[in-house]
Number of protein chains: 2
Amino acid sequence: MSGDVATGATLKDVAERAGVHPGTASRALNPLTQGLVSEATVRRVQAAAKALAYRPNSIARGLKTNRTMTVGIVVPDLSNPVFAPMVRGAAAVLTQAGYSSVIADTDNDPVKEAEAFDTLRSRQVDGLLVASARREDAAVRALADAGVPTVLLNRRTDRTTLPCVMGDDVWGMEQAVRHLRALGHTRIGHLSGPVTMSTGVERARAFRQFMLELGGDLDPELLEECVTYSVGEGARTGRLLLDRARPTAIIAGNDQIAVGLLDVLEERGLRCPEDVSVVGYNDMPFVDKLSPPLTTVHVPHSAIGAEGSRILLRWLRDGASATTTLSLGVDLVARGSTAPVPEAPAR
Amino acid sequence: MSGDVATGATLKDVAERAGVHPGTASRALNPLTQGLVSEATVRRVQAAAKALAYRPNSIARGLKTNRTMTVGIVVPDLSNPVFAPMVRGAAAVLTQAGYSSVIADTDNDPVKEAEAFDTLRSRQVDGLLVASARREDAAVRALADAGVPTVLLNRRTDRTTLPCVMGDDVWGMEQAVRHLRALGHTRIGHLSGPVTMSTGVERARAFRQFMLELGGDLDPELLEECVTYSVGEGARTGRLLLDRARPTAIIAGNDQIAVGLLDVLEERGLRCPEDVSVVGYNDMPFVDKLSPPLTTVHVPHSAIGAEGSRILLRWLRDGASATTTLSLGVDLVARGSTAPVPEAPAR
DNA sequence: GTGAAAGCGCTAACAC
DNA sequence: GTGTTAGCGCTTTCAC
């Protein structure tokens, strides 16, 4: 018998046992070509396959068909609560369609990202789901130029024709500003995300737009930029902002930044929401359990992964991309960290 | 030229361009066999490879060498903050060693777990990292029987010889009980994890052991079992426990359960930690920001993934498992949810 | 030091 | 309906 225990029986073994040619066995086992084979043979082959615990070697199949039924998923940081659900949503759809998911974590490092693309292409993945794109991303551009089926998740590159699925940042920010304006706030600060990422600039741009439209104070003093999406940066920029301005409310670029800001507020003896209202972005797990529970914009991360996968699957099936940018709906979730503007100015 | 844009040049193309035989090109490109080829040829081949942006087809290599340099990682739920860092830690070590990680999310479903194993073996993964094992797990047993290199993470099966890396549950629980006893608590409840999982029973067993050793009230009234590790189950069992007993402290099977319990405490008008102290388990991200900040046992999930990968890698290299069970150190992190036992009994 | 040739396990075009 | 054949891209004996 060929093949060791872990490797298992080969198609040739099955064919031999069923007394047919390997080609016939192949046809009998493949649902699509099964019709070309007599029913009796199909049964015999299937019985043999079962008896030998035959497990098709999909790698050999891939070599022949030039399709591996594998998709690469590239994320900047899997332990970030934003990306794990995205991967999960993607993997669920892909598995359903018979695809496997190869994961690569770039650790927010452009070099590692490029290496990941290389490795993944070496492995002949049929397509790529990329959540790690920066606005200027040579590696992603190379992917696009090479014609590798690729769908961007959550973040997009500037001037790219690659399909992209993301939360609707403009609508999310509109809801945030509207909510705060409705509570009477005009002095609203913004701790924006990194300018190197589309989410950072697009939310910041939308912030300015709606402050203008909805009549808030568009004071440059109230704007601060985080270098990364992190608690530490939220604290750093929070201090900077509070040092020179007296906002009654602050919108953070994401929930981590908001958490850092909350720490700073406490450190300064400022109460949230009595003195300063805070709005986050993403609605990470358990931010509803913070004190105060965080008002934030809920983004359907799992759906982003799932929809991205569907677009990629369609691309793979039809052989052509649909250059869609899909903006998924987001919802402001009002919780305890926002309240009406205080009578007297803060501090 | 063979191969389309996305597929790229093949080894044959490189050989042609360098004016050598494909076999020679193969040797020239492989660091291990490079010595067999003249330096001049090596340079010519490398130049050709570079010029054609040659990307070795690792799937073809795998077919020949019977190694895919791929590891399957199976988790019950990637969006659970416990497993994402574990996968990340594993992937980092594996990538470093030249392996890719294929992820499978079983959604806590034994059927999906078995299917995942099947798919992964079909794909000829060289080994498996399994974090979804239940105590009785036929699929995992089949893996072990088949001799598939497999390392269990975080949870183990009963009577298995498979190597396993986990946090030291006994030591974690000892610290939890000791901490509470030191604060004067004797009426300590336990909302244990599912009995179907090793972590559930082992923590519960350790709880009983140390309550005995350290002189707590080992009253069956103070014990409750969760069916899943979830906020909902924490709330359900929390209500049950509080309905019939008056603990001054409760140790939860994990942080999610603790969060559910915290909700119930509030719903009953019981203050934490003044009336009831609460201890969680895992130290999920942001439980330090809860109100009160959760005292919990920190488990090094990322290290579990990393160490598990190292054991698997060694197995793959040496061709034999070392049947280790590696218990990684854990640390109780005392925060605001635990306090000295109140003078008057709770409620 | 390099070329020739076989073959990993499978599929697909072509016979019969 | 089923067998035959070729070959996916690579590695690896075996010659020379």
Side-chain angles (χ1 to χ4, degrees), chain A residues 1-4 6-45 48-49 52-70 121-124 126, chain B residues 1-4 6-46 48-49 52-69 121-124 126:
Chain A
M1 203 198 304
S2 87
D4 61 52
T7 305
T10 147
L11 186 59
K12 201 171 135 228
D13 299 332
V14 174
E16 250 166 44
R17 186 180 231 264
V20 297
H21 188 91
T24 308
S26 170
R27 284 183 282 248
L29 259 16
N30 181 222
L32 292 165
T33 51
Q34 208 163 276
L36 307 173
V37 179
S38 84
E39 246 185 74
T41 313
V42 170
R43 267 198 305 277
R44 237 169 345 115
V45 172
L52 297 175
Y54 171 67
R55 215 180 294 281
N57 183 330
S58 49
I59 209 177
R61 173 184 301 162
L63 187 56
K64 181 72 189 175
T65 58
N66 226 359
R67 303 176 61 223
T68 54
M69 298 299 281
T70 294
R121 290 180 67 186
S122 258
R123 294 195 180 268
Q124 315 298 118
D126 294 336
Chain B
M1 205 198 302
S2 88
D4 61 53
T7 305
T10 147
L11 184 61
K12 202 171 134 225
D13 300 330
V14 175
E16 249 165 46
R17 186 179 231 266
V20 297
H21 187 90
T24 308
S26 170
R27 285 182 282 247
L29 259 16
N30 181 221
L32 292 164
T33 52
Q34 208 163 276
L36 306 173
V37 177
S38 83
E39 248 185 71
T41 315
V42 170
R43 267 199 304 278
R44 245 178 330 127
V45 172
Q46 285 180 334
L52 297 175
Y54 171 67
R55 212 181 295 280
N57 182 330
S58 50
I59 207 174
R61 173 183 300 162
L63 186 56
K64 184 71 191 173
T65 58
N66 225 0
R67 303 176 60 221
T68 54
M69 298 299 282
R121 291 180 67 185
S122 258
R123 295 195 181 268
Q124 316 299 119
D126 294 336

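Chain letters run A, B, ... following the sequence lines, proteins first, then strands; residues in each count from 1.
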Quick one: are B:Arg123 and B:Thr68 in side-chain contact, heavy atoms under 4.5 Å? no

Please find the pair of heavy atoms, one from B:Thr24 and one from B:Thr41, that lie closest to each other, and give the distance. CG2-CG2, 4.0 Å

Could you report the tightest heavy-atom contact between B:Tyr54 and B:Thr10, atom names first, then the distance? CE1-C, 3.6 Å

N/O donor-acceptor pair, side chain B:Lys64 with base D:dG9, under 3.5 angstrom: no

Test item: B:Gln124 and A:Asn57 side chains (from C-beta on) under 4.5 Å apart, heavy atoms: yes

Kindly point out which of C:dA4, D:dT2, C:dG1 is positioned nearest to the side chain of B:His21? C:dA4

Using a 4.0 Å heavy-atom cut-off, does A:Thr41 contact any base of the nucleic acid, only the sugar-phosphate backbone, or nothing at all? sugar-phosphate

If the cut-off is 4.0 Å, is B:Thr65 near the phosphate of D:dT11, judged by side-chain N/O to OP1 or OP2? no

Between A:Ile59 (CD1) and D:dT11 (P), how many Å, whole number? 12 Å

Taking the side chain as everything from C-beta on, heavy atoms only, tell me whether B:Leu11 gets closer than 4.5 Å to B:Ser26. yes

In short, B:Arg27 meets B:Leu36 closest at the heavy-atom pair CD-CD1, 4.3 Å

Just by modelled atom types, is the B:Ser122 backbone N or O under 3.5 Å from a matching donor or acceptor in the A:Ser58 side chain? yes

Hey, is the side chain of A:Ser38 poking within less than 4.0 Å of OP1 or OP2 on D:dT2, counting only N and O atoms? yes

Rounded to whole angstroms, how far apart are CG on B:Asn66 and P on D:dC10? 18 Å

Mind grabbing the angle between the end helix axes of the helix from C:dG1-D:dC16 to C:dC16-D:dG1? Five pairs an end, 10° rounding. 40°

Indicate whether OP1 or OP2 belonging to C:dC10 is found under 4.0 Å from a side-chain N or O atom of A:Ser26. no

Tell me the interatomic distance from A:Asn30, atom CG, to C:dA12, atom C1', rounded to whole angstroms. 11 Å

Protein-nucleotide distance (B:Arg123, atom CZ; C:dG9, atom P), rounded to Å: 18 Å

Could you state the CZ-C1' distance from B:Arg67 to C:dC8, rounded to the nearest angstrom? 15 Å

D:dT11 P sits how many Å from B:Leu32 CG, rounded? 11 Å

NA contact type, B:Thr33, heavy-atom cut-off 4.0 Å: base, sugar-phosphate, or nothing? nothing

Check whether the side chain of A:Arg27 and the base of D:dG3 form a donor-acceptor pair under 3.5 Å. yes

Which whole-number value in Å describes the distance from B:Leu52 CG to D:dG9 C1'? 15 Å

Whole-Å distance, B:Glu16 CD to C:dG3 C1', equals 15 Å

